[in-house]
Protein chains: 2
Amino acid sequence: MERKPQVLIVEDEKEIAKFIDLELQAENYETIVTYDGVTGLSKFRELNPDLVVLDLMLPVLDGLEVARRIRKTSNTPIIILTAKDNVEDKVLGLDSGADDYLVKPFSIEELLARVRAHLRRVNPAVTGEVRVADLVMNLDGREVFRDGRRIELSAKEFELLELFARNPGKVFNRFEIEEKVWPEYTGGSNVVDVYVGYLRRKLERDGERRLIHTVRGVGYVLREE
Amino acid sequence: MERKPQVLIVEDEKEIAKFIDLELQAENYETIVTYDGVTGLSKFRELNPDLVVLDLMLPVLDGLEVARRIRKTSNTPIIILTAKDNVEDKVLGLDSGADDYLVKPFSIEELLARVRAHLRRVNPAVTGEVRVADLVMNLDGREVFRDGRRIELSAKEFELLELFARNPGKVFNRFEIEEKVWPEYTGGSNVVDVYVGYLRRKLERDGERRLIHTVRGVGYVLREE
DNA sequence: TGGGTTTTTCTTTGATTTTTGAAAGCGATG
DNA sequence: CATCGCTTTCAAAAATCAAAGAAAAACCCA
C-alpha cells in the first residue's frame, strides 16, 4: 500500500474546501474536491477513496444523507465537518455512520491528526508490517509491495525474504539460511544460492541497486542504504 | 459473538469514572473500571476489551503512555478523555495511537455516540453486519447479499465466509481454518479446499475478479482490492 | 411419528498447475 | 587461474482444483 491515500472532500464553502485541499496535499494525500452532496456521492462511488471529509450543510443532497448512503455499501471512514455545535447533531451525525465529528471553526492540525488516526486503522499498515528499503511486506497477507505494485513470490521465496527483511544488515551464512527456511533438509545443495537468485530477479528489476548483497566466502545480507 | 461488548474505563476521578460506568452499562455494555495507568494496562492485557475510554492525567503511568503501549500490540479503539483543550495535546494524543479525543466537560451523549461509532467498525456484532468487497453479510439472519440480491449459502459455507469476511486481507492456512470452522474434526482431508471451491462458485459468478485467493503453499485469503 | 425425499456435508480420486531442487556450465573475482 | 558464485534447464514433487458420489442430516407430509 505504498500509493498515496485518496481523500474525498465534500464541502460547499469554496475557501474552506480549498484550504483543506491544500493542507491535505501538503501531507501527501491525493485529494478530490466536490461542492455538493450528489456529486460527492457519485465521486465516492466512482473512486472509492480511503477517507471522506464531509460538510453537513450541502446543496442538493444533505451531508447526513450522503453519510448514510456511503455507509450502506462501505466502511470507509467519514469525518463530518460542520458549524453545528450541539450534542444532538453530533449524536445524529455519528449514528448516521460517520466516524468522527469536528466543529467549525476547527484547527487544521486537529483535522490532519484525525485523518491520520482514521487512515492508520484502515490500512493494513497497522498489523504486522515490515518495511525495508523501498519494500513493504505485509506478513498477515503474505504480500510484498514496491511503489504500490505487488510482487508475486512463492512460499519459499517469501520466507527467505522475510528472514532477510526482519534482520536487515545481518549477514547470514548459507547454513543458517538453510536451517531457517529449509528446516526439513539435510543440506548439501545450492538451494540457497538459487533462491537468492530468484529473489534478485523479482526484486531488483532493471539495473537498480542491489538489495541482497553477496558476502564472498560467507553468505548474504540485505542492506538498505 | 452475541456477548456484550466490553469497555475498559481508565479514569482516576472516581465520580467521573462511576458516571461513565453507569451510563455505559445502561447502554448494555460490559464495563471494567480502573483508576490508574498500570492497572488499566494490565487489565487491558488480561481481558482484551473491545474499546478503551482513557483519561490522560493518570497516576502511576501517564495516559499517553498507556495508549502507546496498547497500540504496540493491538488495534482496539481508544477514546481519550481529558481536560486538556489545546490543539497540540489533541494532535499528540491522536498520534500516540488514540482513535478519538474528547475534551472535558463532555456531553455523555456524545461520548456514547462516539463509543457506538467506534464499536460499529470494530465489532460487526454490534450492528450484526459485516461488509466486505461488494458483499453484505447479515450475521443475525445468516444471509448474504450482493446488490440486494440474496445468495444462498449452507451453514458451513456461511461460517467459512464469515471467517474470511471478518479478517479481510489475512491469510489463513488450512489448519487454522479447520480449527475454526470444523472444530470437532480430526483433519486429514481436503474439506477446506472443497468448501472454498463451493464459495467461489457461488460468490464469483461470471468472470468476475477473484474474491478468495489461494496462496500456494500456505492457504487462502479474502482480498477486497 | 416415521418413511421417503431433498439438501448438506465430507471423502475420494485423478487431472492440472506451480513450485521446488539438483545438476551443470558459465562467469566473475580475488 | 582456481575458486566461488550465478544462472539456466528440467524433471520430480507437491499443492490445488473440480467432479462425483457416499454418508449424514434436515425436512416434509401424511
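A, B, ... follow the sequence lines: proteins, then strands. Residue 1 opens every chain.
Legend: salt bridge (Lys or Arg N to Asp or Glu O under 4.0 Å) pairs involving residues 32-50 of chain A, not counting sequence neighbours, sorted by first then second residue: A:Arg3-A:Asp50, A:Lys43-A:Glu46.
Straight-line distance from the CD atom of B:Glu152 to the C1' atom of C:dT8: 13 Å, rounded to whole Å. When rounded to the nearest whole Å, the span between NZ of A:Lys202 and P of C:dT19 equals 7 Å. For B:Glu184 and D:dA25, the CD to P distance is 11 Å, given to the nearest whole Å. The CD1-P distance, from B:Ile177 to C:dC10, rounds to 14 Å in whole Å. Distance, A:Glu157 CD to C:dT20 C1': 10 Å, rounded to whole Å. The nearest whole Å value for the distance from the CZ atom in A:Phe158 to the C1' atom in C:dT19 is 16 Å. If you measure from atom CZ of A:Arg142 to atom P of C:dT19, you get 13 Å, rounded to the nearest angstrom. Look at NZ on B:Lys156: it is 12 Å from P on D:dA25, rounded to the nearest Å.
One axis for each end of the helix from C:dT1-D:dA30 to C:dG30-D:dC1, each built from five base pairs, and the angle between them comes to 40° at 10° resolution.
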Report summary line: In B/S/- notation (B base, S sugar-phosphate only, - none; protein heavy atoms under 4.0 Å), nucleotides 2-13 of chain D written 5' to 3' is --BSSBB-----
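Residues satisfying the side-chain contact (heavy atoms from CB on, under 4.5 Å) criterion with B:Arg223, sequence neighbours excluded, are A:Glu143, A:Arg150, B:His213, B:Val215, B:Val221, B:Glu225. Residues passing the side chain to side chain donor-acceptor pair (under 3.5 Å) test with A:Asp21 are A:Gln25, A:Thr31, sequence neighbours excluded. Partners of A:Tyr35 under the side-chain contact (heavy atoms from CB on, under 4.5 Å) rule, at least two apart in sequence or in another chain, are A:Lys14, A:Ala17, A:Val33. By the side-chain contact (heavy atoms from CB on, under 4.5 Å) test, A:Glu109 pairs with A:Ser107, A:Leu112, B:Val87, B:Val91, sequence neighbours left out. By the ring-ring contact (aromatic ring centres under 6.0 Å, His included) test, A:Tyr195 pairs with A:Trp182, A:Tyr198, sequence neighbours left out. Under the rule for a side chain to side chain donor-acceptor pair (under 3.5 Å), B:Asn48 has no partner lying at least two apart in sequence or in another chain.
For the side chain to side chain contact (heavy atoms under 4.5 Å, CB included) test with B:Val10, the passing option among B:Leu41, B:Leu61, B:Leu54, B:Val38 is B:Leu54; the others fail.
Each of B:Val191 and A:Ala155 lies near DNA chain C, and the nucleotide nearest B:Val191 is the one positioned closer to the 5' end.
When only modelled atom types and interatomic distance are considered, A:Arg174 and A:Tyr220 share a side-chain donor-acceptor pair under 3.5 Å.
Checking the phosphate oxygens (OP1, OP2) of C:dT7, no side-chain nitrogen or oxygen of B:Ser154 falls inside 4.0 Å.
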